[in-house]
Amino acid sequence: MCGIVGYIGTQQAGPVLLEGLGRLEHRGYDSAGLAVLGPGANPALRTVKKAGRVRDLREGLPKRFSGKVGIGHTRWATHGPANDVNAHPHTDAKGDVAVVHNGIIDNAAALRHRLAREGVDLVSDTDTEVLAHLVALSSADTLEGRVSEALAFVEGTYGLAVMHADFPDRIVVARNGSPLIIGVGDKEMHIASDLAALVRYTTTVAHLEDGEIATVTAGGFTTYRSDLSHTDRPTTSLDLDLSAYDPVGEEGGYMQREILDQPAAAERVLRGRLDERFGTAHLGGLNMDARETRAIRRVKILGCGSAYYVGQMGASLIEELARIPADAEAASEFRYRDPVIEHDTLYVAVSQSGETIDTLLAVQEIRRKGGRVIGLVNVVGSAIARACDGGIYLHAGPEVAVASTKALTTMYLGFALLALQLGRTRDLSIADGKRLIAGLQALPGQIEEVLTLDERLATIATRLAEADSLFFIGRVRGYPVAREGAQKFKEITYRHAEAYQTSELKHGPLALISADVPTVALVPDDELTDRNVAALHEIQARGGPLVVLTHAGVDLGDVECERIDLPRSERELDPILMAIALQLLALHAATTLGLDVDKPRNLAKSVTVE
Ligand code: F6R
């Protein structure tokens with residue numbers, strides 16, 4: 001999604017802002033821009049913006065672009081095409097005000113009409129431009145007053161930063177639904193929509209809350225409610241592995257690095273949470289005692305995209321281990337069907353970024369109706385984490401690549417811990433609890449084993465990359481894994497990849513099977529193996545090429561296929577090992593095609609607009 005950066009301090013703002021924009025580069029955008037207040041007593045505001053990469057912006061900067069106050073933006077187009085004019089920052093007619101904005105102004109059309117009637121000449125197609133004009137039209141004494149007056153007209157979501165030539169000692173920022181973080185440095189302050197942009201400079205940060213406005217000067221910041229009454233916004237110190245943000249040279253990019261980090265990420269999410277003596281999990285952050293846990297009659301998991309698919313895997317784990325009815329739903333649909341919120345249902349929001357607006361709005365809907373929500377969230381202090389009643393932090397470490405990998409593995413393990421704890425307050429025996437704990441402890445090693453299959457998976461991926469269309473199939477526990485495998489494949493290879501329940505093939509999609517349409521089939525060693533093998537025969541009989549992820553010892557009969565034997569884990573944990581093998585297939589197919597895996601077209605790392 002769009003990215004915001006800002007700087008005010010003793011350094012030249014341009015290079016600092018470009019560095020920050022570069023850090024957001026892998027997260028998806030189509031244009032970028034900067035505005036800097038020039039030096040001197042009556043500083044002029046200078047704006048440069050360009051469709052394309054940060055590199056294009058850097059090359060397009062004028063020689064003299066000095067100034068110690070500035071804002072910058074990477075845009076992911078929502079209103080109007082990706083071109084120079086629609087790129088941010090947007091300015092008023094005189095060029096005194098500059099605004100960068102994430103989110104969507106819902107009443108932009110009405111505001112544009114109003115401004116046009118008042119004689120304002122709007123030059124772009126964007127919703128953001130109205131903000132610059134509204135700030136310019138305000139006659140309040142202070143910049144925060146002008147921003148507050150402008151925002152009073154606005155309906156929608158925003159994270160924004162505003163500069164004004166008449167107020168050169170400050171940047172005013174505001175948040176409503178889109179993240180906005182202030183980073184505290186030494187005689188300098190940073191602003192960003194994403195930690196990735198500022199952690200190089202500081203790890204002392206403050207997250208603005210929805211409805212807050214802040215004045216940021218070189219010496220500090222002050223926060224306000226929309227009526228400009230003061231709020232108290234504490235700073236926190238981040239404990240992050242900053243090396244995760246270091247540039248990567250290899251063609252597999254951040255995505256490959258993050259895939260390889262999965263054994264360590266698995267250890268991190270499990271650390272200190274397994275109780276071997278009682279065969280259960282310790283999850284203090286849930287803020288629920290055993291009596292409350294026992295009162296849960298249903299679990300409803302909400303997430304978007306891959307987080308939703310892992311949610312489906314998690315629902316299976318909870319049903320199997322805790323015998324509580326559980327299901328997952330796309331958070332993006334949830335609140336639009338006016339859901340019935342039950343007081344004995346545990347709602348679980350799952351999100352890497354903790355900023356996905358659809359998931360956040362689902363959480364707010366549940367809480368508004370009195371439901372209890374916990375979060376499985378990676379980014380500490382993120383909006384979803386803060387909006388929940390409690391939760392499990394995932395400790396995956398920073399995930400930079402757009403395609404989620406290690407965060408998903410930690411989500412899966414988070415669900416395994418939750419299922420274990422829920423199960424052990426019910427009928428899951430201590431023996432089964434201990435069996436699962438042993439399985440979880442062995443998992444990082446088994447992930448290592450999957451990663452050693454890299455070369456073989458790369459060879460198979462080269463062939464899969466030739467197909468325009470593929471199927472990913474699995475049953476029961478395997479079906480959400482197939483969905484996630486197809487998702488990963490399509491988002492970075494741009495090939496059509498469709499997931500199906502193996503059992504549903506003959507009810508329609510078998511019509512599409514041919515020598516040009518390969519199928520990646522999940523055939524674990526479980527109670528459905530025979531049925532799965534029968535489906536492989538049906539595909540083979542129609543000439544469909546097959547890649548089969550299975551376990552050593554599984555008899556595939558005379559099925560001709562590329563066979564990959566995965567390490568065996570406890571059967572409940574098989575899905576995650578299969579999902580990791582599918583990540584490697586997608587990664588290698590994309591690099592074979594010469595695609596940049598870290599910059600999939602049209603996509604963004606965290607989706608902060610509805
Ligand atoms: C796919 C992917 C997305 C995210 C989804 C939710 O690889 O990364 O589908 O899973 O946008 O994002 P979070 O987990 O940040 O809420």
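First listed ligand is number 1; within each ligand, the first listed atom is number 1.
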Is the shortest side-chain heavy-atom distance between Thr128 and Ile105 below 4.5 Å?
no
So, are Arg335 and Asp358 salt-bridged, with charged N and O less than 4.0 Å apart?
no
To check your reading of the model: name the closest protein heavy atom to atom 3 (C) of ligand 1, its residue, and the distance in Å.
Ser306 N, 4.0 Å
Gln352-Ser404 side chain donor-acceptor pair, cut-off 3.5 Å
no
At a 4.0 Å threshold, what atoms of ligand 1 neighbour a non-hydrogen atom of Ala307?
10 (O), 14 (O)
Here the atoms of ligand 1 under 4.0 Å from any heavy atom belonging to Gln487 are 1 (C), 9 (O)
For atom CD of Glu504, decide whether the heavy atoms of other residues, nucleotides or ligands shown that lie under 6.0 angstrom number more than 12.
yes
Out of all atoms in ligand 1, which are within 4.0 Å of some heavy atom of Ala403? Include the element for each.
7 (O)
Tell me whether ligand 1 is touched by Thr405 - counting only heavy atoms on the residue side and a distance under 4.0 Å.
no
salt_bridge(Glu491, Lys488) N-O dist < 4.0 Å
yes
Between the side chains of Glu484 and Ser306, does any donor sit under 3.5 Å from an acceptor?
yes
Number the atoms of ligand 1 from 1 as they appear, then name those within less than 4.0 Å of a heavy atom of Gln352, with their elements.
13 (P), 14 (O), 15 (O), 16 (O)
What do we get for Thr359 next to ligand 1 when only non-hydrogen atoms under 4.0 Å count, side chain, backbone, both or neither?
neither
Atom 15 (O) of ligand 1 [closest protein heavy-atom partner, distance rounded to 0.1 Å]
Ser353 OG, 2.7 Å
Residue, atom name and distance, where the atom is the protein heavy atom closest to atom 6 (C) of ligand 1:
Cys304 O, 3.3 Å
Set of side-chain contact (heavy atoms from CB on, under 4.5 Å) partners for Ala416, sequence neighbours left out
Leu317, Leu440, Leu573
What residue and atom, counting heavy atoms only, is the protein's closest point to atom 8 (O) of ligand 1, and at what distance?
Val402 O, 3.2 Å
Residue portion contacting ligand 1 (non-hydrogen atoms closer than 4.0 Å) for Glu491
side chain
NZ or CZ of Arg601 within 45° of Tyr494 ring axis and under 6.0 Å:
yes
Per-atom contacts of ligand 1 with Gly305, taking only distances under 4.0 Å to non-hydrogen atoms
9 (O)
So, the side chain of Glu448 versus the backbone of Pro263: is there a donor-acceptor pair under 3.5 Å, distance only?
no
Number the atoms of ligand 1 from 1 as they appear, then name those within less than 4.0 Å of a heavy atom of Lys488, with their elements.
1 (C), 7 (O)
Name the closest protein heavy atom to atom 12 (O) of ligand 1, giving the residue it belongs to and the distance to 0.1 Å.
Thr356 OG1, 3.4 Å
